[in-house]
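Source: prediction; values computed, not measured. In the text below, chain A, chain B and the rest are named by the order of the sequence lines, each starting its count at 1.
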Amino acid sequence: MPQKRRYWLMKSEPSSFSIDDLIKTTSQTTSWDGVRNYQARNFMREMAIGDQVLFYHSNADPPAIVGTAEVVNTTYTDPSQFDHNDDHYDPASDPSSPRWDMVDIKYVRKFSRPLALEQLRKETKLKGMVLLRKGSRLSVQPVSPLEWQHILSLA
DNA sequence: GCCAACGTTGGC
DNA sequence: GCCAACGTTGGC
């Protein structure tokens with residue numbers, strides 16, 4: 001029996017990488033590099049090919065879920081951790097035992113209108129969402145099947 | 001630009 | 001192992 005498909009949410013600041021940037025990318029696929037938080041990394045390590053991802057714009061006006069993507073490659077070493085010129089360079093990461101991983105995701109769809117954070121907060125069915133928890137900053141987070149279903153029904 | 005919430009670092 | 005100091009995230 002194949003593993004059950006899982007659902008996730010990934011945050012990106014549109015000023016650095018938006019869903020439109022993803023659409024314009026070769027093969028509409030990108031490496032999700034730059035994650036430097038252990039909890040977020042560990043969630044990425046749980047991802048399987050075919051898992052579905054909500055694409056979220058943080059530090060945006062308005063902050064919103066703007067579309068979906070899917071996982072097309074499971075975790076492998078994020079090379080930017082060794083790049084001195086990269087914003088996400090991590091001098092403490094040992095090349096013989098790299099700390100940080102990334103996955104590849106591929107564009108699936110862009111919502112006709114973004115689902116703003118403010119709107120999501122009004123949805124009773126989404127009350128338990130990690131995204132909506134006070135002070136939640138996690139950039140890669142799990143989404144329950146029911147939350148996923150409800151969000152798609154809103155889109 | 002402010003600042004609350006959170007994660008990490010490092011002295012002890 | 002504690003915890004103060006610091007840095008970052010991200011909504012507002």
- Could you give the CG-to-C1' distance, from L120(A) to dG10(C), as a whole number of Å? 15 Å

- Test side-chain contact (heavy atoms from CB on, under 4.5 Å), reference M47(A), set I105(A), T74(A), V140(A), output is V140(A)

- Taking atom P of dT9(C) as reference, at what distance in whole Å does atom CE of M10(A) sit? 16 Å

- Is D90(A) salt-bridged to R36(A), going by a charged N under 4.0 Å from an acidic O? no

- Under 3.5 Å, is there a donor-acceptor pair linking the side chains of Y76(A) and S31(A)? yes

- Query: Is there a side-chain hydrogen bond (donor to acceptor under 3.5 Å, both in side chains) between D83(A) and S80(A) once you walk through the steps?
  - Reply: CA-CA 5 Å; D83(A) 180 355; S80(A) 69; over 6 Å; no

- Query: Do K110(A) and D20(A) have side chains that get closer than 4.5 Å, going by heavy atoms?
  - Reply: yes

- Task: Classify the ring geometry between W8(A) and F43(A) as parallel (under 30°), tilted (30 to 60°) or perpendicular (over 60°).
- Result: tilted

- 5'-most contact on DNA chain B: N59(A) or Y38(A), nearest heavy atom basis? N59(A)

- Message: From CG of D61(A) over to P of dG11(C), roughly how many Å is that when rounded to an integer?
- Response: 11 Å

- Message: How many whole angstroms separate atom CG of N37(A) from atom C1' of dT9(C)?
- Response: 10 Å

- N or O in side chain of K11(A) less than 4.0 angstrom from dT9(C) OP1/OP2: no

- Message: Over all strands shown, is Q39(A) touching base, sugar-phosphate only, or nothing at heavy-atom distances under 4.0 angstrom?
- Response: sugar-phosphate

- dG11(C) phosphate, OP1 or OP2, under 4.0 Å from Y56(A) side-chain N/O: yes

- E13(A) CD - dT9(C) C1' separation (whole Å): 8 Å

- Within residues 87-102 of chain A, the residues having a heavy atom closer than 4.0 Å to DNA chain B are none

- Task: If the plane angle is over 60° it's perpendicular, under 30° parallel, otherwise tilted; pick one for W32(A) and F55(A).
- Result: perpendicular

- Message: Would L9(A) and M129(A) count as a side-chain contact (heavy atoms from CB on, under 4.5 Å) here? Give the steps.
- Response: CA-CA 10 Å; L9(A) 179 145; M129(A) 262 193 97; 4.1 Å; yes

- Task: Specify the residues of residues 129-140 of chain A, ordered by number, for which at least one heavy atom lies under 4.0 angstrom from an atom of DNA chain B.
- Result: K134(A), G135(A), R137(A)

- For the pair made of CZ in R121(A) and C1' in dG10(C), what is the distance, rounded to whole Å? 11 Å

- If we only count heavy atoms from C-beta on, is the T68(A) to L152(A) side-chain gap below 4.5 Å? yes

- Message: Just the rounded figure in Å: distance from P of dT9(C) to NE2 of H57(A).
- Response: 17 Å

